[in-house]
Amino acid sequence: MRIAAIAFIGALAAAFGAFASTGSAWWWPAAVLCAALAAVGTHDLLQRRHSILRNYPVLGHVRFMLESIRPELQQYFIERNYDGRPYDRDVRSLVYQRAKGLEAEQAFGTERNVYAEGYEYFESSMRPRPVPSEQPRVRIGGPDCAKPYDMALFNVSAMSFGSLSANAILALNRGAALGGFAHDTGEGGLSEYHLRHGGDLVWEIGTGYFGCRTEDGRFDRARFAEKAAHDSVKCVSLKLSQGAKPGIGGVLPGEKVTAEIARVREVPEGRTVISPPYHEVFSTPRELIRFIAELRELSGGKPVGFKLCVGSRREFLAVCKAMIDEGTAPDFIIVDGAEGGTGAAPLEFADHLGSPLTEGLITVHNALVGAGLRDRIKIGASGKVATGADIVKRMVQGADFTNAARAMMFAIGCIQAQSCHTNTCPAGVATQDPRRARALHVDDKSVRVQRFQSATVNSSMKIIASLGVSGPAQLRPHMLRRRVDPVTVRSYAELYEWLAPGQLLIEPPESWAADWKAADPDRFGA
């Protein structure tokens with residue numbers, strides 16, 4: 001239809017030109033206008049930099065015209081106390097600039113109200129350290145792991161093939177391969193698009209066991225072992241819950257379940273796929289830890305961990321007790337914040353369930369420290385991580401590495417149209433419509449992913465150096481501060497309680513004692 005429309009406009013230009021040559025000269029303006037539109041449309045269809053213009057030739061330029069006056073529109077809304085989602089808008093602009101290889105600079109200082117309650121900032125040093133020439137890595141793999149993996153500080157978070165188009169998956173994975181960072185597959189299975197470019201993969205196993213399930217939807221150990229042996233699979237992540245919708249399983253609308261998606265996930269074509277809310281393989285904390293140990297063995301000794309949005313502190317402490325009793329533990333835990341995004345979730349779940357990332361991270365870090373387990377388990381953070389400052393903030397709060405989904409989508413062209421669940425994504429990112437997905441050019445967008453990740457990690461290292469330390473391991477809670485009211489500022493060392501190694505095993509503090517005593521490794525729940 002796009003090609004036909006451009007061809008029709010071109011034909012009109014030729015016809016108007018013929019009329020002007022043989023009749024009235026008044027036809028020339030119409031001929032020139034149609035010729036110009038046809039030329040612009042042809043260029044838009046053939047260029048590879050902008051997905052929007054490939055899907056919406058000529059009309060797509062209206063969006064870029066509006067974007068060019070974005071600062072003025074933003075100031076208009078700010079002056080009228082209209083929110084307009086400034087966080088996402090500002091972050092999207094930053095991601096676009098870094099993805100294009102442009103360093104984001106700001107004239108005239110910050111636009112944030114530094115005296116507003118909740119404003120956070122880092123404690124800079126009078127003697128900054130040199131910025132390291134190489135980006136640091138995090139060794140993932142405890143004493144039971146035979147094949148440890150060196151994780152980057154910033155990686156692609158879980159997004160499934162099915163939720164995203166094939167081209168989007170290809171671009172993300174090729175970007176990960178170019179930049180040497182990890183790409184989480186999401187729970188939708190291990191597709192050929194995850195494997196084609198050889199990027200390092202974290203294979204996520206959800207409650208639907210897509211890609212390693214029996215005909216009745218149960219976990220298939222033989223199929224898991226076969227796929228986990230692939231060289232590109234570096235780690236395995238067991239998804240317990242997702243930040244945007246803890247307590248319910250994933251949802252893939254039926255219109256996105258094409259024949260190819262159905263084959264990858266091993267589900268019926270055209271029918272909405274709803275993952276169960278819980279795993280059928282285990283029902284207690286002890287069984288969870290045993291299952292993780294089994295997955296590690298089935299994978300040939302690769303690092304295995306789990307992802308969750310923290311809810312009950314008592315339940316997580318029960319898992320810690322199970323680790324101690326069983327003498328084994330996951331190699332990593334990814335904490336997903338309640339502020340994280342998703343392609344489809346009930347509004348009430350997105351707004352009212354699960355711990356925000358700050359509380360979740362600090363809870364998990366303290367629990368592992370207090371139980372004497374922190375030195376063998378690495379912690380990842382996921383949930384609106386998009387900037388170098390976000391990375392450093394999460395590491396101060398207890399994380400060893402971070403993952404991003406939304407920001408990586410911005411890097412491959414997402415404009416946050418919020419139509420992920422409708423299969424009509426205008427940028428070709430979150431759709432299974434091949435006519436829309438073709439607009440996303442893999443080679444161009446993969447380079448943007450690599451640029452964005454590299455620039456963001458470099459930014460985090462500059463911030464760390466400005467704090468007067470030489471690396472992430474030296475970050476401490478007192479380096480991050482929050483304004484709690486117009487005249488009072490507290491550091492994270494003061495705002496939160498931080499446990500000493502093994503403190504829960506020796507003498508739990510009063511604030512933790514009741515939960516630690518009640519935590520039962522043989523049951524979830526209160």
Side-chain angles (χ1 to χ4, degrees), residues 2-3 6 39-65 67-68 91-104 152 154-157 159 161 163-185 191-201 232 386 404-417 419-420 424-458:
R2 293 185 292 264
I3 295 172
I6 299 301
V40 171
T42 301
H43 171 268
D44 291 346
L45 288 173
L46 296 178
Q47 60 83 37
R48 297 176 174 180
R49 290 180 57 83
H50 302 292
S51 303
I52 293 296
L53 296 182
R54 288 177 66 124
N55 272 336
Y56 301 94
V58 182
L59 293 176
H61 288 279
V62 176
R63 173 184 178 271
F64 293 105
M65 291 170 60
E67 190 178 66
S68 68
V91 168
R92 189 165 68 241
S93 177
L94 174 65
V95 173
Y96 287 166
Q97 290 185 64
R98 286 183 170 165
K100 294 174 183 178
L102 305 173
E103 186 50 54
F154 190 44
N155 307 278
V156 180
S157 193
M159 293 178 283
F161 173 50
S163 296
L164 300 192
S165 67
N167 278 7
I169 296 294
L170 287 169
L172 291 169
N173 190 258
R174 185 170 183 268
L178 291 173
F181 50 95
H183 176 196
D184 192 313
T185 66
S191 72
E192 63 111 349
Y193 305 111
H194 291 102
L195 301 170
R196 183 181 299 178
H197 292 298
D200 293 347
L201 294 174
S232 292
R406 189 179 324 204
M408 293 295 181
M409 290 176 70
F410 291 162
I412 59 174
C414 169
I415 62 171
Q416 208 171 6
S419 58
C420 308
T424 60
C425 172
V429 176
T431 181
Q432 296 307 312
D433 183 342
R435 295 170 299 177
R436 294 176 179 271
R438 64 165 287 282
L440 195 158
H441 189 257
V442 173
D443 290 347
D444 176 66
K445 301 305 184 188
S446 60
V447 172
R448 294 192 179 199
V449 170
Q450 182 270 327
R451 284 190 196 131
F452 166 62
Q453 190 272 351
S454 178
T456 303
V457 174
N458 286 338

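Heavy atoms only: backbone and side chains are in, while hydrogens, waters and symmetry mates are out.
- Gln453 places no side-chain N or O within 3.5 Å of a backbone atom of Arg448 that could act as its donor or acceptor partner.
- Expressed to the nearest 0.5 Å, how far CG of Leu195 lies from CD1 of Ile169 amounts to 11.0 Å.
- Using a 4.5 Å heavy-atom cutoff, the side chains of Arg174 and Val447 are in contact.
- Between atom OG1 of residue Thr185 and atom CG of residue Leu172 there is a gap of 12.0 Å, rounded to the nearest 0.5 Å.
- Counting only distance, with no hydrogens or angles, the side chain of Ser163 and the backbone of Met159 share no donor-acceptor pair below 3.5 Å.
- Between Gly413 and Ala427, the shortest heavy-atom contact is O-CB, 3.4 Å.
- Put simply, the side chain of Asn173 reaches to within 4.5 Å of the side chain of Leu201, judged on heavy atoms.
- Considering all non-hydrogen atoms of both residues, Lys445 and Ala171 come closest at CB-CB, 3.9 Å.
- Phe181 is listed as a side-chain neighbour of Val449, based on a closest heavy-atom distance under 4.5 Å.
- Classified by interplanar angle (parallel below 30°, tilted 30° to 60°, perpendicular above 60°), the ring pair His183/His194 is tilted.
- By the 4.5 Å heavy-atom criterion applied to side chains, Ile415 and Tyr96 are counted as neighbours.
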_Met409/Leu164 under side chain to side chain contact (heavy atoms under 4.5 Å, CB included): CA gap, chis, key distance, verdict_ = CA-CA 9 Å; Met409 290 176 70; Leu164 300 192; 4.1 Å; yes

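- Atoms OG1 and CE, from Thr456 and Met408 in turn, are 7.0 Å apart once rounded to the nearest 0.5 Å.
- The ring-ring contact (aromatic ring centres under 6.0 Å, His included) check on Phe452 picks up Phe154, with sequence neighbours excluded.
- Counting all heavy atoms, side chain and backbone alike, Val91 lies closest to Ala386 at CG1-CB, 3.4 Å.
- Under the 4.5 Å side-chain criterion, counting only non-hydrogen atoms from C-beta, Thr431 is not in contact with Thr424.
- The main-chain N or O of Gly428 is found under 3.5 Å from a side-chain atom of Ser165 such that the two form a donor-acceptor pair.
- Note that CG of Leu178 and NE2 of His197 are 9.0 Å apart. Values are rounded to the nearest 0.5 Å.
- Taking CD1 of Ile3 as the start and OG1 of Thr42 as the end, the distance is 9.5 Å to the nearest 0.5 Å.
- One distance of note links CD1 of Ile412 with CG of Leu170; it measures 10.0 Å at 0.5 Å rounding.
- Counting heavy-atom neighbours within 6.0 Å of Arg438 CZ, excluding the residue itself, gives a total above 12.
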